[in-house]
Each structure stands twice: as structure tokens, then as C-alpha cells.
Amino acid sequence: MMLTALGLMSGTSLDGVDVALIETDGKQVKAFGPSGYRAYSPAERNLLRQALSEAVHLPRRDARPGVLAEAERAVTLAHAEAVAAFIAQNRMKPEDIDIVGFHGQTVLHRPEKRLTVQIGDAPALARAIHIPVMHDFRAADVEAGGQGAPFVPVYHRALVHSLEREGPIVVVNIGGVSNITYIDGNDTLIACDTGPGNALLDDFMYRTMNQAFDAEGKFAALGKADEAWIARGLELPFFAAPPPKSLDRNDFAALKLGDVPPADGAATLTAFTAAAIARIISLLPRRPRSWIVCGGGARNLTMLRMLRERVGSATVEAAETLGWASDAIEAQAFGFLAARGLKGLPLSYPATTGVPMPMTGGVMARP
């Protein structure tokens, strides 16, 4: 049975809420619907940054001390507003949508402690939008000993199979953290985080230039990357570890550039993201033939160029060139995962998150 599923995603880059509609049975995508976006205001972004720093000390996943309670209310309200605006703009009614997939905002990801925390009040959201909401997708995986991330690979596989292209194919999502899905035919699905995505670069741009990000990589294009610094960074044990593996947004925050010209700093951090992605090649079963890049990093032309320089003869293309809605893919994925969760289908696998067996997940909140 096909479902009309609305996916919501607020990623580690803290830019806003992505909204995307798909028609799916949880196995294939019959149709892509419209997508939308609700940006976080500077005040909301600052609140979320505070929540990230305070969440480091959370003792358990349902605790919301101090600013975390305020941040959860803000996240819930922003998502409710995003859905309301989307429904109004597309002349829809709540009853036109069967299910909403609500990821929430990750504030802490510590799978080694069996702890992953996404803030957002799903029951309150369901009441506000009058649509059933599937949420808390990662908890069952982490509880069972998985990494709880990445969770989009099953959706990447559905997209790649529609291309009828010879593999291996890697889909790279460059958000706050970068992750890959390696797809080779029907049987091989491998996924992991590869390292920093835009988080280090965005934080650097905010600190040095008071800009939220490096638009199209124009600033990094003016600088020179410090290859010695990159090589030292790649010596961290994370990069040699085989998949599956996952990261928290701030796992590389301790890496300091020192006193460098801002353009050189941006170039170095952009190149570090590209180098970290390419570093995964030696840990994969076969060398990929093509790389498809989605997420915010797909708009960073300098990052795409630097990735091309590091992956040899393989093609590197932005997802948009294939007709995929790059900015909407993660939101679409959580609509897809909501449909899968509703039907009890697996959301994660041993080779994607390290979970002992294929796991379904998600918790339903009804209006």
C-alpha cells in the first residue's frame, strides 16, 4: 500500500527545518512531491548551539535540564510552523498526509554509551499538525548496540536502484557531518560517517567572518590548503577504523588551525572534509565508479572540486544533476523511514550501523 509520507529533517548544520513529501510503500518511491524549508532565526540557532554545549553532560536520553527544555520547545514549534506553511503553500489538508517522519534535532550522539538524544516533542507536534508522527528512529538501534547512524542508506539504495547504473556507487551526504552509502547491486549496502562535513567550516566562518557558511566555496577558493595539517588530522584513529562508524557533530572540534589567514583556514577545512571522504576508499570492498554528492556540501563547488582531485578516475556529481532534490533528500528519507517503520521493515543493518541484526524502529505519536 502506498503512503503519502511527509519527512522532516533538522540537521547538524543547524540551518533550519527541511520538509519533503513522497509517495512510498517503504520499499520504493512511487513519486516525489514538493519540498519546503523553514530557516532557523539567529536567536534559534544560538539557542541550539547552547543546547549542544549543555547536552554534553546529559546523564540520560529523556533529561531536559536548563536550556535543553527551551530548545526542545523551539524545535517543536519550528517544525509545526514548517508543516503548517508547507500544507498552506501546497493547498493541502492534514488528512492528505498519512504519516510524518520527525527526526528532531540531535544534540548528543554517544553510541558507545548507548546514548543518542534528539530533542523535539513528537506528541505535541502531532497535536499541533493533526497528523500521526513517527519519531525516535535511532533509539532501538543504539539500544541494540548499533551506532544509530547513518540512517539514510536504505533510502539512498532506493534512489540508486532507479538509476540502473553500474556500481559500485557511493552516495555522499555532506551535512554537519559527512556520511557515505556504498551500494553495489542488491546485496551490498555499507554505510558510515566519514568525518567532518560542513560543521568545522561553518563554525570557522562564523567565528572569523561572522558568516553562517562559505557560499559555493568561494572563500575557500581564494585560499591555500595546509596539506600537512590535513595529514595530521587524518592520523586520528577514527579514519583508519572500518565501517560502520559514526560521529557526533563536535567530535573534531578540538582540531585547531592556529593563526592562519581566513581564506587559508576555509581552504584547509574544506580540503579536510574532501580528504576524509576519500580516505574511506581503502576501507571499501571495491573502488567506487561514481560518487553522488548531496546535502549542503553539494552546493560548495570548491568542495566538489577537491573531492574530484582525491578520488582518481571515478565521477563526482551533485545529486541535482540526476534530478534528485539534494536539499530534500534527508527529509524525504525520514518520510521513507516512517513508512518502513510503520510496516515493521528494517531501518538499519549490521553493515550500516553495526547493529547485530536488521532493526526496525520508530515510535508513533498520534494527534
Colleague: Aromatic ring centroids of Phe32 and Trp324 under 6.0 Å?
Modeller: no
Colleague: For the pair Asp264 (side chain) and Lys224 (backbone), establish whether a donor and an acceptor sit closer than 3.5 Å, ignoring hydrogens and angles.
Modeller: yes
Colleague: Above 12 or not: heavy atoms from other molecules or residues under 6.0 Å from CD of Glu143?
Modeller: no
Colleague: Quick one: closest heavy-atom pair of Leu48 and Ala71, and the distance?
Modeller: CD2-CB, 4.3 Å
Colleague: For Thr273 and Gly197, indicate whether the former's side chain and the latter's backbone hold a donor-acceptor pair under 3.5 Å.
Modeller: yes
Colleague: Could you verify whether a donor N or O on one side chain and an acceptor N or O on the other, from Asp141 and Ser348, lie under 3.5 Å apart?
Modeller: yes
Colleague: With Asn173, which of Ser178, Cys294, Pro150 fulfils side chain to side chain contact (heavy atoms under 4.5 Å, CB included)?
Modeller: Cys294
Colleague: Per the side chain to side chain contact (heavy atoms under 4.5 Å, CB included) rule, which among Val117, Asp121, Val107 passes with Arg64?
Modeller: Val117
Colleague: Would you find more than 12 non-hydrogen atoms of other residues, nucleotides or ligands less than 6.0 Å from Tyr349 atom OH?
Modeller: yes
Colleague: Mind checking who shares a hydrophobic cluster with Val355, ILVMFWY linked at side-chain heavy-atom distances under 4.5 Å?
Modeller: Met357, Met359
Colleague: Look at the side chain of Thr268 and the backbone N and O of Ala225, then say whether any donor-acceptor pair between them is shorter than 3.5 Å.
Modeller: no
Colleague: Do the charged groups of Glu216 and Arg305 touch, with an N to O distance under 4.0 Å?
Modeller: no
Colleague: Just verifying a value: how many Å separate Asp18 CG and Ser35 OG, rounded to the nearest 0.5 Å?
Modeller: 8.0 Å
Colleague: Using the ring pair (Phe, Tyr, Trp, His ring centres under 6.0 Å) rule, collect all pairs that involve residues 78-116, keeping only residues at least two apart or in two chains.
Modeller: His79-Phe102, His103-Phe334
Colleague: Taking atom types as modelled, is there a side-chain donor on Tyr155 or Thr181 under 3.5 Å from an acceptor on the other?
Modeller: no
Colleague: For Gln147 and Ser246, test the side chains for any donor-to-acceptor distance below 3.5 angstrom and give the result as yes or no.
Modeller: yes
Colleague: Using atom types as modelled and distance alone, determine if a side-chain donor or acceptor of Asp96 lies under 3.5 Å from a backbone N or O of Lys93.
Modeller: yes
Colleague: Is it true that Ser162 and Glu164 share a donor-acceptor pair across their side chains at a distance under 3.5 Å?
Modeller: no
Colleague: Can we say Arg165 and Glu317 salt-bridge, meaning some charged N sits less than 4.0 Å from an Asp/Glu carboxylate O?
Modeller: yes
Colleague: Is a donor on one side and an acceptor on the other found under 3.5 Å between the side chain of Arg287 and the backbone of Ile281?
Modeller: no
Colleague: Just how far is it from atom OG1 of Thr106 to atom CD of Gln118, taken to the nearest 0.5 Å?
Modeller: 4.0 Å
Colleague: Which value, rounded to the nearest 0.5 Å, describes the distance between Met2 atom CE and Lys27 atom NZ?
Modeller: 10.0 Å
Colleague: Applying salt bridge (Lys or Arg N to Asp or Glu O under 4.0 Å), can you list everything that pairs with Arg279, at least two apart in sequence or on another chain?
Modeller: none
Colleague: Should the heavy atoms of other residues, nucleotides or ligands under 6.0 Å from NZ of Lys343 be counted, would the total exceed 12?
Modeller: yes
Colleague: Taking side chain as C-beta onward, heavy atoms only, is Leu163 less than 4.5 Å from Leu322?
Modeller: yes
Colleague: Answer yes or no: is there a donor N or O on one side and an acceptor on the other, between the side chain of Asn198 and the main chain of Ile174, under 3.5 Å?
Modeller: yes
Colleague: Under a 3.5 Å distance rule, please check whether Arg289 uses its side chain to pair with a backbone N or O of Gly167 as donor and acceptor.
Modeller: yes
Colleague: Could you tell me whether Arg49 sits above the aromatic face of Tyr206, with NZ or CZ closer than 6.0 angstrom to the six-membered ring centre and within 45 degrees of the axis?
Modeller: yes
Colleague: Do side-chain atoms of Asp25 reach the backbone of Gln28 as a donor and acceptor pair under 3.5 angstrom?
Modeller: yes
Colleague: Give a yes or no answer on whether the side chain of Asp214 reaches the backbone of Ala220 with a donor-acceptor pair at less than 3.5 Å.
Modeller: yes
Colleague: Could you tell me if Glu23 and Thr4 have a donor-acceptor pair between their side chains, going purely by distance under 3.5 Å?
Modeller: no
Colleague: Has the side chain of Arg61 got a donor or acceptor atom that lies under 3.5 Å from a matching backbone atom of Thr116?
Modeller: yes
Colleague: Check the orientation of Phe252 and Phe239. Use parallel for under 30°, tilted for 30 to 60°, and perpendicular for over 60°.
Modeller: parallel
Colleague: If you take all heavy atoms of Val75 and Gly120, which pair is closest and at what distance?
Modeller: CG1-CA, 4.2 Å
Colleague: Is there side-chain contact between Ile87 and Ile131, with at least one heavy-atom pair below 4.5 Å?
Modeller: yes
